[in-house]
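First the structure, in the form of structure tokens, and then the observations on it.
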There are 2 protein chains.
Amino acid sequence: MTDADRFDLNDFLPYRLNAAASRISRAFSERYREEFGISIPEWRVLVHLHHAGDVSVRDIEARVDMEKSKVSRAASRLETAGYITKGVNDTDRRLLVLRLTDKGEALVARLLPVAMEYQDEMRARLGPLAAGLEAGLSALLSDEA
Amino acid sequence: MTDADRFDLNDFLPYRLNAAASRISRAFSERYREEFGISIPEWRVLVHLHHAGDVSVRDIEARVDMEKSKVSRAASRLETAGYITKGVNDTDRRLLVLRLTDKGEALVARLLPVAMEYQDEMRARLGPLAAGLEAGLSALLSDEA
DNA sequence: AAACATTTATTGCACATGCAACAATGTCAA
DNA sequence: TTGACATTGTTGCATGTGCAATAAATGTTT
């Protein structure tokens, strides 16, 4: 109760967090959707493959904050586009082995500079507030069941 | 280029922001979806109506970070559920006048304490980092075309 | 070995979403 | 006033999403 009558959505932390994330994600995805024609889920899969090497759908699900069905569909689109291949793990044939093709590596090589540039712009706009924001995000991402 | 080979998605600020927002929103919406049966867009409309009084779809669109079609559909669901009414603005008959019913006011009165409690828990988990996070969010939300 | 349980990835389904029409209303200049 | 243009809210459509169900492979228990 208390001062609930003065409750303003724009002062509500979960809303503010979500609104900021939506704007940033939208602006970022527009930037490379035009240029490279890929979506956010596809971007995440590509970048994780580049970083982690051959991995399964399960690995990506665990580390990239995406449902397995989302990963599966993103991977299928990337395979169709020729950016990755889907192989079978000989040790455990339930697992896929997702791997970047040469074409996929080339795409990532063009994507990453755009991403880093965007992050630099974000940090520049934040100035001295960047460190505080990142520390807060770390706290929210750390435990969280 | 540079250190692009070591690029880790989990160190990428836009990704971290989005992942944190997703988790918080999901946890929050689960909490009141079970109890009150409403979605995030519906929650935003209800809360904004409570705060701002009678408003049009356009007003909500501008202040609550939602597309007008999303607002329109949320409002229709809320009307069907008996939480709001849709009237016509006599001065400009293109505009709707969205208004909370008594039932809607009663729902908001039960919703807001849950929201404030959730925000308090967030701030408690963040501890001294909360201020820095909020300052960073303010910077991201301020200008942004 | 057989029966049962668990894990992995895909897919069907219902629903939400964004965008582009669209109709209704309002504004304004000639 | 008329006619061109702008604004407001709704809806059709294609697409994305989460969840549950499923099949295939593996693990476990007896």
Side-chain angles (χ1 to χ4, degrees), chain A residues 18-19 21-30 33-34 37-45 48-49 52 54-81 84-99, chain B residues 18-19 21-31 33-34 37-45 48-49 54-81 84-99:
Chain A
N18 206 69
S22 294
R23 293 189 188 185
I24 295 296
S25 281
R26 164 169 291 245
F28 180 50
S29 73
E30 277 176 2
R33 178 184 296 266
E34 300 168 3
I38 61 171
S39 68
I40 288 181
E42 288 153 19
W43 186 86
R44 289 187 184 177
V45 170
H48 187 67
L49 283 183
D54 302 354
V55 293
S56 67
V57 170
R58 176 194 53 161
D59 286 315
I60 299 180
E61 178 187 17
R63 296 185 191 171
V64 180
D65 195 49
M66 286 170 64
E67 289 253 328
K68 59 183 178 178
S69 63
K70 210 171 176 176
V71 176
S72 176
R73 283 161 174 147
S76 293
R77 289 191 294 266
L78 290 172
E79 187 190 29
T80 299
I84 70 170
T85 56
K86 287 184 185 176
V88 180
N89 184 320
D90 292 327
T91 314
D92 184 341
R93 306 203 318 190
R94 293 170 302 184
L95 299 175
L96 288 187
V97 178
L98 304 180
R99 176 175 299 171
Chain B
N18 205 70
S22 294
R23 293 190 188 184
I24 293 296
S25 281
R26 164 170 290 245
F28 180 49
S29 73
E30 277 176 3
R31 179 172 299 195
R33 178 184 296 265
E34 299 168 4
I38 61 171
S39 68
I40 288 181
E42 288 154 18
W43 186 85
R44 290 187 183 177
V45 170
H48 187 68
L49 283 182
D54 303 352
V55 292
S56 66
V57 169
R58 177 195 52 162
D59 285 315
I60 299 180
E61 179 187 17
R63 296 186 192 170
V64 181
D65 196 49
M66 287 169 63
E67 289 253 328
K68 59 182 178 179
S69 63
K70 209 170 176 178
V71 176
S72 175
R73 284 161 173 147
S76 294
R77 289 191 294 265
L78 290 171
E79 187 189 30
T80 299
I84 71 171
T85 56
K86 286 184 185 176
V88 180
N89 184 320
D90 291 328
T91 313
D92 185 340
R93 306 203 318 192
R94 292 170 304 182
L95 300 175
L96 288 185
V97 178
L98 303 180
R99 177 175 299 172

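By convention in this document, chain letters (A, B, ...) are assigned in the order of the sequence lines, proteins followed by strands, and residues within each chain are numbered from 1.
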(request) Please identify each residue that fulfils salt bridge (Lys or Arg N to Asp or Glu O under 4.0 Å) with B:Arg94, with sequence neighbours left out. (result) B:Asp92
(message) Need to verify one output field. Residue with the more 5' nearest nucleotide on DNA chain D, A:Arg94 or A:Glu42?
(response) A:Glu42
(request) Under 4.0 Å from any heavy atom of chain B: name the first and the last nucleotide of DNA chain C that qualifies, 5' to 3'. (result) C:dT17 to C:dG26
(request) Please report the closest heavy-atom contact between B:Ala75 and B:Ile84, naming both atoms and the distance. (result) O-CD1, 3.5 Å
(request) Could you identify which residues of residues 55-72 of chain A place a heavy atom less than 4.0 Å from some atom of DNA chain D, listed by residue number, or say none? (result) A:Glu67, A:Ser69, A:Lys70
(request) Check the pair B:Ile40 / B:Ser25 against side-chain contact (heavy atoms from CB on, under 4.5 Å), numbers first and verdict last. (result) CA-CA 8 Å; B:Ile40 288 181; B:Ser25 281; 4.2 Å; yes
(request) Taking salt bridge (Lys or Arg N to Asp or Glu O under 4.0 Å) as the test, write out the residues that go with B:Arg93, two or more places apart. (result) none
(message) Is it the case that the side chain of B:Ser72 and the backbone of B:Lys68 share a donor-acceptor pair, with hydrogens and angles ignored and the cut-off at 3.5 Å?
(response) no
(request) Using whole Å, report how far CG of A:Asp90 lies from C1' of D:dT26. (result) 15 Å
(message) Under the rule for side chain to side chain donor-acceptor pair (under 3.5 Å), what residues qualify as partners of A:Ser69, not counting sequence neighbours?
(response) none
(message) Using the salt bridge (Lys or Arg N to Asp or Glu O under 4.0 Å) criterion, which residues pair with B:Glu61? Sequence neighbours excluded.
(response) none
(request) Can you measure from CG (B:Asp59) to CG (B:Leu96) and round to the nearest 0.5 angstrom? (result) 11.0 Å
(request) Determine whether any donor atom in the side chain of A:Arg93 lies under 3.5 Å from an acceptor atom in the base of D:dG27, or the reverse, and answer yes or no. (result) no
(message) Rounded to whole Å, please give me the gap between CG in B:Leu96 and C1' in D:dT10.
(response) 10 Å
(request) Specify the residue among B:Glu30 and A:Ser39 whose closest nucleotide of DNA chain D lies further upstream toward the 5′ end. (result) A:Ser39
(request) Whole angstrom is fine here: how far is it from CZ in A:Arg73 over to P in D:dT17? (result) 9 Å
(message) Quick check: on DNA chain C, is the nucleotide nearest A:Val97 upstream (toward 5') of the one nearest A:Arg26, or the reverse? Name the residue that is more 5'.
(response) A:Val97
